[in-house]
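All remarks here apply to the structure that follows.
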Amino acid sequence: CIAAGMLKWISVCFSPSAAGIQMLSVQPDTKPKGCAGCNRKIKDRYLLKALDKYWHEDCLKCACCDCRLGEVGSTLYTKANLILCRRDYLRLFGVTGNCAACSKLIPAFEMVMRAKDNVYHLDCFACQLCNQRFCVGDKFFLKNNMILCQTDYEEGLMKEGFAPQVR
């Protein structure tokens with residue numbers, strides 16, 4: 001199996017389940033909404049909407065570090081009935097995997113490179129014959145689960161008696 005690609009940029013390996021947070025102005029002529037955190041009516045000027053519920057700004061907090069989620073971003077993460085900030089979600093539930101080149105563990109929060117189903121540390125994403133690092137725009141090839149630069153790929157094809165074909 002041979003795959004050819006062009007290096008574009010870094011992708012994130014593992015995506016957590018996320019939900020958006022909206023800050024809304026409370027309209028004075030509307031009935032106050034109940035807070036999902038404390039069950040009291042929201043009489044503040046602003047409220048947060050997340051997980052299809054309404055919250056006081058102080059009530060929508062990370063279950064681990066107590067940071068106010070409306071202040072740290074527009075996303076929250078949920079799992080096992082916990083509402084978490086990104087950092088704590090990854091720390092507690094982040095999926096880890098192994099690098100296809102060095103077989104060492106890749107933490108869930110680390111940036112990685114992908115080629116087909118293989119995932120690599122940034123430092124490991126290089127030609128596995130000549131160790132040439134790839135730059136944005138370089139062509140790379142995946143042959144027998146080895147990352148190859150264009151030169152090594154074409155030389156391998158010539159030794160096998162095939163003409164190179166780039167897809």
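Here the CG-OH distance, from L129 to Y153, works out to 13.0 Å after rounding to the nearest 0.5 Å. Atom-to-atom distance recorded for L142:CG and Q128:CD is 8.5 Å, nearest 0.5 angstrom. For the atom pair NZ of K43 and SG of C35, the computed distance is 13.0 Å after rounding to the nearest 0.5 Å. Between the CD atom of Q132 and the CG atom of L148 there is a distance of 11.0 Å, given to the nearest 0.5 Å. Taking CG of L82 as the reference point, atom OH of Y89 lies at 11.0 Å (rounded to 0.5 Å). With rounding to the nearest 0.5 angstrom, the CD atom of Q27 is 10.5 Å from the CZ atom of R45.
The shortest heavy-atom contact between Q150 and F141 is CA-CE1, 3.5 Å. Here the closest heavy-atom approach between residue D44 and residue V26 is recorded as O-CG2, 3.3 Å. Considering every non-hydrogen atom in both D58 and K61, the closest pair reads O-CE, 2.7 Å. When all heavy atoms are compared, the tightest approach of C127 to C149 is SG-N, 3.4 Å. The two residues K104 and H121 make their nearest non-hydrogen contact at O-CE1, 3.7 Å. Between C59 and G37, the closest heavy-atom pair is CB-CA, 4.3 Å.
Applying the 6.0 Å contact sphere to CG of D66 captures more than 12 heavy atoms from other residues, nucleotides or ligands. The environment of R133 atom CZ is dense: over 12 non-hydrogen atoms of other residues, nucleotides or ligands sit within 6.0 angstrom.
Not one N or O on the side chain of D88 forms a donor-acceptor pair closer than 3.5 Å with the backbone of C85.
L51 and L47 sit in two unconnected hydrophobic clusters of ILVMFWY residues. Membership requires side-chain heavy atoms under 4.5 Å apart, directly or through other members. I42 and L60 fall into different hydrophobic clusters, defined by Ile, Leu, Val, Met, Phe, Trp and Tyr side-chain heavy atoms under 4.5 Å apart, directly or through other members. L69 and L24 fall into different hydrophobic clusters, where Ile, Leu, Val, Met, Phe, Trp and Tyr residues are linked whenever their side-chain heavy atoms come under 4.5 Å apart, directly or through other members.
The side chain to side chain contact (heavy atoms under 4.5 Å, CB included) search around A36 returns K53, W55, not counting sequence neighbours. With sequence neighbours left out, the ring-ring contact (aromatic ring centres under 6.0 Å, His included) criterion links Y120 to F125. A search for salt bridge (Lys or Arg N to Asp or Glu O under 4.0 Å) contacts involving D152 returns nothing, not counting sequence neighbours.
For the pair C64/L84, a side-chain contact is recorded, criterion being any heavy-atom separation below 4.5 Å from C-beta on. Here the side chains of S25 and Y46 are in contact, with some heavy-atom distance below 4.5 Å.
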query = After noting the C-alpha distance and the side-chain angles of R87 and C65, does the key distance pass the side-chain contact (heavy atoms from CB on, under 4.5 Å) rule?
reply = CA-CA 10 Å; R87 186 183 59 128; C65 69; 3.9 Å; yes
message = Using the rule given for side-chain contact (heavy atoms from CB on, under 4.5 Å), can you reason through I21 versus T75, listing the C-alpha separation, both sets of side-chain angles and the distance that settles it, and then say yes or no?
response = CA-CA 6 Å; I21 302 172; T75 308; 5.9 Å; no
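A side-chain contact (heavy atoms from CB on, under 4.5 Å) with L48 holds for exactly one of M23, H56, Q22; it is M23.
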